[in-house]
Number of protein chains: 4
Amino acid sequence: MIDYRIDRGSGVPAYVQIVEQTERALRMGFLKVGDKLPTAKEVVAATAINPNTVLRAYRDLEQAGLVELRRGLGTFVTRSLARPGAEDDSPLRREVTDWVTRARAEGLERADVLAMVTAALDAHDDEHDSHAPGRPPPEPAR
Amino acid sequence: MIDYRIDRGSGVPAYVQIVEQTERALRMGFLKVGDKLPTAKEVVAATAINPNTVLRAYRDLEQAGLVELRRGLGTFVTRSLARPGAEDDSPLRREVTDWVTRARAEGLERADVLAMVTAALDAHDDEHDSHAPGRPPPEPAR
Amino acid sequence: MIDYRIDRGSGVPAYVQIVEQTERALRMGFLKVGDKLPTAKEVVAATAINPNTVLRAYRDLEQAGLVELRRGLGTFVTRSLARPGAEDDSPLRREVTDWVTRARAEGLERADVLAMVTAALDAHDDEHDSHAPGRPPPEPAR
Amino acid sequence: MIDYRIDRGSGVPAYVQIVEQTERALRMGFLKVGDKLPTAKEVVAATAINPNTVLRAYRDLEQAGLVELRRGLGTFVTRSLARPGAEDDSPLRREVTDWVTRARAEGLERADVLAMVTAALDAHDDEHDSHAPGRPPPEPAR
DNA sequence: GTGGTCTAGACCACA
DNA sequence: GTGGTCTAGACCACA
């Protein structure tokens, strides 16, 4: 069962953190179609956030077509975001695991690692089609 | 000069996005001590957000000891977060650039790439000291 | 400006009523792209429902791509649902106005009128393609 | 036998949908005094909702004086809502059937048709007695 | 001033 | 028991 962690000091709304963590789990295949998300009550017990906030996140996921809230039953995954290439035993996965291990061993913090990857993504997307999926295009000035 | 990109619709407050992007640039050494941040006016022109929002972010950065707001002059970096190991020409950088290129070539989206790295970080930190810097510790249940 | 009316005894959630009334106004062209919806405060003054409930409705409309919530500014229509054929001066409009007038004159209640139209729609859609847009297909038994 | 269709996703509670559909059938004369409603079991088979939900709706209809629940026998219509003017072969019925056919032929969706009729009703009732039966009076501001 | 998040708590819908 | 709506109120983000 997915284990949400809410970082209360990050400035990112709690419900956004739940949505993001759920989407990541879907992309990684950690959550599959039919899987049950934790009940609001369980999330409350684990994270000390309010059940309304959990439901707000689940509703957003529902409107994104990823889960279904069934009253009296629970919340269930209805769509996968799993990617070929991101499986547990794929070469890319093995490589990144290895790379992260070395980065951490060299003393880099979690934030350093994410900064390096983000920088690599930015550099890549600037060189290629800048409207690659996932990177928000620059906002036009109004 | 750092080029902020605000993703309205991400749910993350605009000022948080500015702070995060600035910190990443500091970690990567893209911004160095003495460098000038864009003026609020320039950011407004580039992102269509309100100058107050930019100043809010700069004040947060100032309180974190990273920049200094000099009235009438601008905002300047006062502390580096650059890491040995994250330099432009370090092996880790070359490897991650290469890895990202291959991941993108295999059709993975930006979000997939970030999900894979986050998963690798989570797995690593769970195996080692789970209170590694940067990863918020689990909240205690109340 | 659109004038919401909440029927508290209908069993239909208040936020759904706001969403439905807004969509109807968009379909009729009563609301156009760029138009401002009433502020939450104004709706509260007019309907005695809670501002959170209004915002819940506006958020749903935003996720449907119909409006944009701009903090500090208000909520604005971003997409029209206006239909050729439904304009104020179209033959269909004139005919239905006339028909409603006669139905009411014969003593039929609002609910009777809606029941007759719904019945006519059901009959029509059963004869033609039953998956015509707007009518939910029968749910498969599980 | 009346054929209930539950639109999950409409935001309208399932039991309200059953009540509304039953009332419409009574207004149209599709259901007459003495007619039997489907058993909860039959509705469950057709709609995949829980029998308790069906019973909840039937109890509401009973309290409205429209049906009677007879233990072991079933649920029976005890009162008609049929209206002169709404019969199958009335001029108003023929006209609305014709009008709906043309509206659909012009590409209008079910929701467009209902929006047009609702707009016509609103316009009519605003001009005449605004407390016409069936339209909820405006809520007084608090 | 306008929208946004979050909470606690009441009550409801559904299984 | 699980999700859903609504409220009042506190505090925040943004213009």
Side-chain angles (χ1 to χ4, degrees), chain A residues 6 8 11-18 36-44 47-60 62 67-76 142, chain B residues 6 8 11-18 40 44 47-57 60 142, chain C residues 6 8 11-18 36-44 47-60 62 67-76 142, chain D residues 6 8 11-18 40 44 47-57 60 142:
Chain A
I6 304 305
R8 304 176 100 79
V12 180
Y15 82 90
V16 173
Q17 297 186 42
I18 292 182
K36 189 173 186 292
L37 297 190
T39 66
K41 211 176 166 187
E42 286 166 344
V43 178
V44 166
T47 63
I49 63 178
N50 188 284
N52 287 335
T53 302
V54 182
L55 290 177
R56 161 77 199 266
Y58 284 4
R59 229 185 285 127
D60 280 15
E62 185 175 46
V67 308
E68 189 182 359
L69 281 68
R70 290 202 217 149
R71 241 190 271 237
L73 293 177
T75 301
F76 300 86
R142 269 190 197 140
Chain B
I6 303 305
R8 305 163 124 72
V12 180
Y15 84 92
V16 173
Q17 296 186 42
I18 293 181
V44 167
T47 63
I49 63 178
N50 188 285
N52 289 334
T53 303
V54 183
L55 292 177
R56 160 74 201 265
D60 277 18
R142 260 183 207 153
Chain C
I6 305 304
R8 303 175 100 78
V12 180
Y15 82 91
V16 173
Q17 296 186 43
I18 292 182
K36 191 175 186 291
L37 296 191
T39 66
K41 210 176 168 185
E42 286 166 342
V43 178
V44 166
T47 63
I49 63 178
N50 188 284
N52 287 335
T53 301
V54 182
L55 291 178
R56 161 77 200 266
Y58 285 4
R59 230 184 285 127
D60 279 15
E62 187 174 46
V67 308
E68 190 181 359
L69 280 69
R70 291 203 217 149
R71 242 190 271 239
L73 292 177
T75 302
F76 299 87
R142 272 198 192 131
Chain D
I6 303 305
R8 305 162 123 73
V12 180
Y15 83 92
V16 173
Q17 296 187 43
I18 292 181
V44 167
T47 63
I49 65 179
N50 189 284
N52 290 333
T53 303
V54 183
L55 292 177
R56 160 75 200 265
D60 277 19
R142 261 181 206 154

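Proteins get letters first, then strands, A, B, ... in listed order; numbering begins at 1 in each.
Taking atom CD on A:Glu42 and atom C1' on F:dT2, their separation rounds to 10 Å, with Å as the unit. For the pair D:Arg8 CZ and E:dA15 C1', the interatomic distance rounds to 11 Å; values are reported in whole Å. Straight-line distance from the CZ atom of A:Arg59 to the C1' atom of F:dT2: 14 Å, rounded to whole Å. Atom pair A:Lys41:NZ and F:dG4:C1' shows a separation of 16 Å (rounding to whole Å applied). Rounded to an integer number of Å, the gap from OH of B:Tyr15 to C1' of E:dG3 is 16 Å. Remark: P of E:dT7 and CG of A:Asn52 are 9 Å apart, rounded to the nearest angstrom. Note: CD1 (B:Ile6) to C1' (F:dC14) measures 12 Å, nearest angstrom. One can place CG of C:Leu73 at 7 Å from P of F:dA15, the figure rounded to the nearest angstrom.
With rounding to the nearest 0.5 Å, the separation of CG in D:Asn50 from CZ in A:Arg71 is 12.0 Å. Between atom CG of residue C:Leu69 and atom OH of residue C:Tyr58 there is a gap of 8.5 Å, rounded to the nearest 0.5 Å.
With distances taken from any side-chain atom of D:Ile49 to the nucleotides F:dG3, E:dA15, E:dT7, the minimum falls on E:dA15. Listed nucleotides F:dT2, F:dT7, E:dG3 differ in distance to C:Leu69; the shortest reach to its side chain belongs to E:dG3. Which of E:dG3, E:dT5, F:dG4 sits closest to the side chain of C:Thr75 comes down to E:dG3. The side chain of C:Arg71 lies closest to E:dG4, out of F:dA15, E:dG4, E:dA13.
An OP1 or OP2 oxygen of E:dA8 is reached within less than 4.0 angstrom by a side-chain nitrogen or oxygen of A:Asn50. For C:Thr53 and F:dT5, the shortest distance from a side-chain N or O to OP1 or OP2 is not below 4.0 Å. One finds no side-chain N or O of A:Arg70 lying less than 4.0 angstrom from the OP1 or OP2 phosphate oxygen of F:dG3.
E:dC6 and F:dG9 make up a base pair, with Watson-Crick or G-U wobble contacts both under 3.5 Å.
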* Asked: Under the side-chain contact (heavy atoms from CB on, under 4.5 Å) criterion, do A:Arg8 and A:Ile49 qualify, and how do the steps go?
  -> CA-CA 10 Å; A:Arg8 304 176 100 79; A:Ile49 63 178; 3.4 Å; yes
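Here A:Tyr58 lies out of heavy-atom contact (under 4.0 Å) with every strand.
Considering D:Asn52, D:Leu55, D:Thr53 in turn, D:Thr53 is the only one that fulfils the side chain to side chain contact (heavy atoms under 4.5 Å, CB included) rule with D:Tyr15.
Nearest-nucleotide mapping onto DNA chain F: of A:Gly11 and C:Pro13, the residue sitting toward the 5' end is C:Pro13. Comparing C:Leu37 and A:Val12, the nucleotide of DNA chain E nearest to each residue sits closer to the 5' end for C:Leu37.
A 4.5 Å side-chain heavy-atom check between C:Ile18 and C:Ile6 finds at least one atom pair inside the cut-off.
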